[in-house]
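One structure is given here, and the rest of the page talks about it.
Chain A is the first sequence line, chain B the second, and so forth, proteins listed ahead of strands; every chain is numbered from 1. Bear in mind that the values here come from a model prediction, so they are computed numbers and not experimental data.
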Amino acid sequence: MISKNKVIFVVGPTASGKSELALHLAKKFNGSIINIDSVQFYEGLNIGSAAPSEEEKKQAPHYLFSYVKAPVEMTAGQYIRDFYELIESGKVNSPIFVVGGTGFYIQALEKGMYDLPEVSEEIKNEILADYEIFGSEKMYAELKNFDAETELHPNDHYRVGRALEVKRAFNLKISEFKNTGADNKNKLPYPSMKIGLTYQTDDKEKFMNRVHQRTLKMLDQGIIEETKSFLTQGYESWAPLSSVGYLETKSYLQEQISREELPAAITQATMKLVKKQKTWFKRDEAILWSDVFTPQYEVIERTVQDFID
RNA sequence: GGCCAAGUAGCUCAGUCGGUAGAGCAGAUGACUGAAAAUCAUCGUGUCGGCGGUUCAAUUCCGUCCUUGGCCA
């Protein structure tokens, strides 16, 4: 039962045409699409995340899009549970095209996460409060005392905080997980391959133009209204609203930047994201790359066909 | 035309009581195991508006010119 599932990751930076390619392949091979984009999980964040339209979703089965409601915030651990629950429901057609540009989640799905339960809200809040009271130096000192092997930077509040959560909740050292291979049992249990879309360094300008056109389209489609509706509901500090496009729109709505500055600000932030995504994927030698501007659909189809057979 | 500000990194601005200058943002590179489109690390020579003067030494003081704002005519 398990072995009949085959997974094809479709990865790459934002605005590279992943969704379009995945839809093409899903139709061609009578497969399904599962989202692995960290913003497209959320209900109501469609325009700014360039989520597939309703019409596109009708053309092939789409899963794990728009299914998390504010103010819930997604985690990689929760995503993996949702993913396997979905597969085990038996309704997903193979081949499964897992589409998105969030390297962290892709890694989590492929390699698995450390096998830890959720940390309670009490402990999470306690750590946030302690940060306020004691400051980052003392918080880092607490970690370093407990786990001398930690390679975290003292300024990386988020990761230091997480390491302290694991310490206080379970008395465990994250640095130890790295060496013990504790993640192996959570690895993706299906055969998989990865195809990616990206652009050559020389084409950065060209890609930026493409991104800018997309920014203008988002503004046209109503990213401002989309953002405003979350603000009026009081979700100002909801983490996904700090993602690219929404953060800049929020700045505009809060009168920190002008309407004239908004398009360039979104494009600039998007390019920064693109760079980080490229950096993330660069070290993954298993990805079979294709060029954004000249995607060889026939070649990709043949590669997928070979993999499925 | 007169008076008053301001002119320093791609941008916004600090600063030098005279010893050739540094933050944030942007940019480049990288890290990444339950917020990840987040978070974090490393990287800073620029005629200090132009030209003169004073001085051992001027981006800093003085003069003058140019540019941009504001006020007054």
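A14(B) makes up no base pair with any nucleotide shown, lacking Watson-Crick or G-U wobble contacts both under 3.5 Å. For C48(B), there is no paired base (Watson-Crick or G-U wobble, both distances below 3.5 Å). With both pairing distances under 3.5 Å, C61(B) is matched to G53(B) as a Watson-Crick or G-U wobble pair. Using Watson-Crick or G-U wobble geometry with both donor-acceptor distances under 3.5 Å, G27(B) finds its partner in C43(B). With a 3.5 Å ceiling on both atom-pair distances, U33(B) lacks any Watson-Crick or G-U wobble partner. A5(B): Watson-Crick or G-U partner is U68(B), with both key distances under 3.5 Å.
Taking atom C1' in both C4(B) and A9(B), one finds a spacing of 28 Å when rounded to whole Å. Straight-line distance between the P atoms of U39(B) and A14(B): roughly 28 Å, to the nearest whole Å. The separation of G69(B) from C62(B), taken at their C1' atoms, amounts to 25 Å, rounded to a whole angstrom. Taking atom P on both nucleotides, C17(B) is separated from G27(B) by 35 Å, rounded to a whole Å. Straight-line distance between the P atoms of U42(B) and U16(B): roughly 27 Å, to the nearest whole Å. Across U47(B) and U12(B), the matching P atoms stand 15 Å from one another, rounded to whole Å. Nucleotides G15(B) and A73(B), compared at atom C1', are 37 Å apart to the nearest Å. Atom C1' of A6(B) sits at a distance of 12 Å from the matching atom of C13(B), rounded to the whole Å.
Across the protein-nucleic acid pair, Glu248(A) atom CD and C25(B) atom C1' stand 13 Å apart, rounded to whole Å. We find that NE2 of His153(A) is positioned 5 Å from P of A41(B), with the value rounded to whole Å. Rounded to an integer number of Å, the gap from CZ of Phe177(A) to P of C32(B) is 17 Å. Rounded to an integer number of Å, the gap from Met113(A) CE to A36(B) C1' is 10 Å. G30(B) atom P lies 4 Å from atom NZ of Lys275(A), rounded to whole Å. Atom pair Ile266(A):CD1 and A26(B):C1' shows a separation of 17 Å (rounding to whole Å applied). If you measure from atom CZ of Phe281(A) to atom P of A31(B), you get 13 Å, rounded to the nearest angstrom. Atom CD in Glu151(A) sits roughly 14 Å away from atom C1' in C40(B) (whole-Å rounding).
Separation of the Tyr131(A) and Tyr140(A) ring centroids does not fall under the 6.0 Å cut-off. Taking the six-membered ring for Trp, Phe41(A) and Phe65(A) have ring centres at least 6.0 Å apart.
Salt-bridge annotation for Asp156(A) and Arg159(A): present, with a side-chain N of the basic residue lying under 4.0 Å from a carboxylate O of the acidic one. With respect to the salt-bridge test (charged N to carboxylate O, under 4.0 angstrom), the residues Arg168(A) and Glu126(A) qualify.
For the pair Asp156(A) and Gly77(A), both in contact range of RNA chain B, the more 5′-proximal nearest nucleotide belongs to Gly77(A).
Side-chain N/O atoms of Arg159(A) and base N/O atoms of A38(B) include a donor-acceptor pair closer than 3.5 Å. On a pure distance criterion of 3.5 Å, no polar donor-acceptor pair joins the side chain of Arg162(A) and the base of A36(B).
Contacts of Leu116(A) with the nucleic acid, taken as non-hydrogen atoms under 4.0 Å apart, include base atoms. Counting any heavy atom pair closer than 4.0 Å across all strands shown, Lys204(A) reaches sugar-phosphate atoms only and no base atom. Using a 4.0 Å heavy-atom distance criterion, Thr270(A) is classed as making no nucleic acid contact. At a threshold of 4.0 angstrom between heavy atoms, the contacts of Gly245(A) with the nucleic acid are absent. Residue contacts shown for Gln277(A) are absent, as no nucleic acid heavy atom lies under 4.0 Å away.
For Lys282(A), whose side chain is taken as the heavy atoms from C-beta onward, the closest listed nucleotide among A37(B), C40(B), G30(B) is G30(B). Checked against U33(B), A37(B), G34(B), the side chain of Asp37(A) finds its nearest nucleotide in A37(B). Of all nucleotides listed (G34(B), A36(B), A41(B)), A36(B) comes nearest to the side chain of Tyr105(A). Each of A36(B), A26(B), A37(B) was ranked by its minimum atom distance to the side chain of Ser243(A); first place goes to A37(B). When distances are taken from the side chain of Ser38(A) to each of A28(B), A36(B), G34(B), the shortest belongs to A36(B). Of the candidates A26(B), C32(B), A37(B), the closest approach to any side-chain atom of Lys272(A) belongs to A26(B). With A36(B), G27(B), G34(B) as the choices, the nucleotide that has an atom nearest any side-chain atom of Tyr42(A) turns out to be A36(B).
By the stacking rule of 5.5 Å between ring centres and under 30° between planes, Tyr114(A) stacks on the base of U33(B).
The heavy-atom pair separating Gly101(A) from Gln277(A) by the smallest distance is O-NE2, 3.1 Å.
When the side-chain nitrogen and oxygen atoms of Thr102(A) are compared with OP1 and OP2 of A37(B), one or more of them lie within a distance under 4.0 Å. The side chain of Lys276(A) places an N or O atom within less than 4.0 Å of a non-bridging phosphate oxygen (OP1 or OP2) of A38(B). For U39(B), the OP1/OP2 oxygens have no side-chain nitrogen or oxygen of Asn155(A) closer than 4.0 Å.
In this structure, the separation between NZ on Lys28(A) and CG on Leu23(A) is 13.5 Å, given to the nearest 0.5 Å. Rounding to the nearest 0.5 angstrom, the gap separating the CE atom in Met218(A) from the OH atom in Tyr246(A) is 7.5 Å.
Using a 90° window around 0 for the glycosidic torsion, G34(B) falls inside it and is classed as syn.
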Q: Determine, stepwise, if the pair Thr303(A) / Met193(A) fulfils side chain to side chain contact (heavy atoms under 4.5 Å, CB included).
A: CA-CA 10 Å; Thr303(A) 313; Met193(A) 66 170 291; 3.7 Å; yes

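Linking ILVMFWY side-chain heavy atoms closer than 4.5 Å, directly or via other members, places Ile106(A) and Val68(A) in a single hydrophobic cluster.
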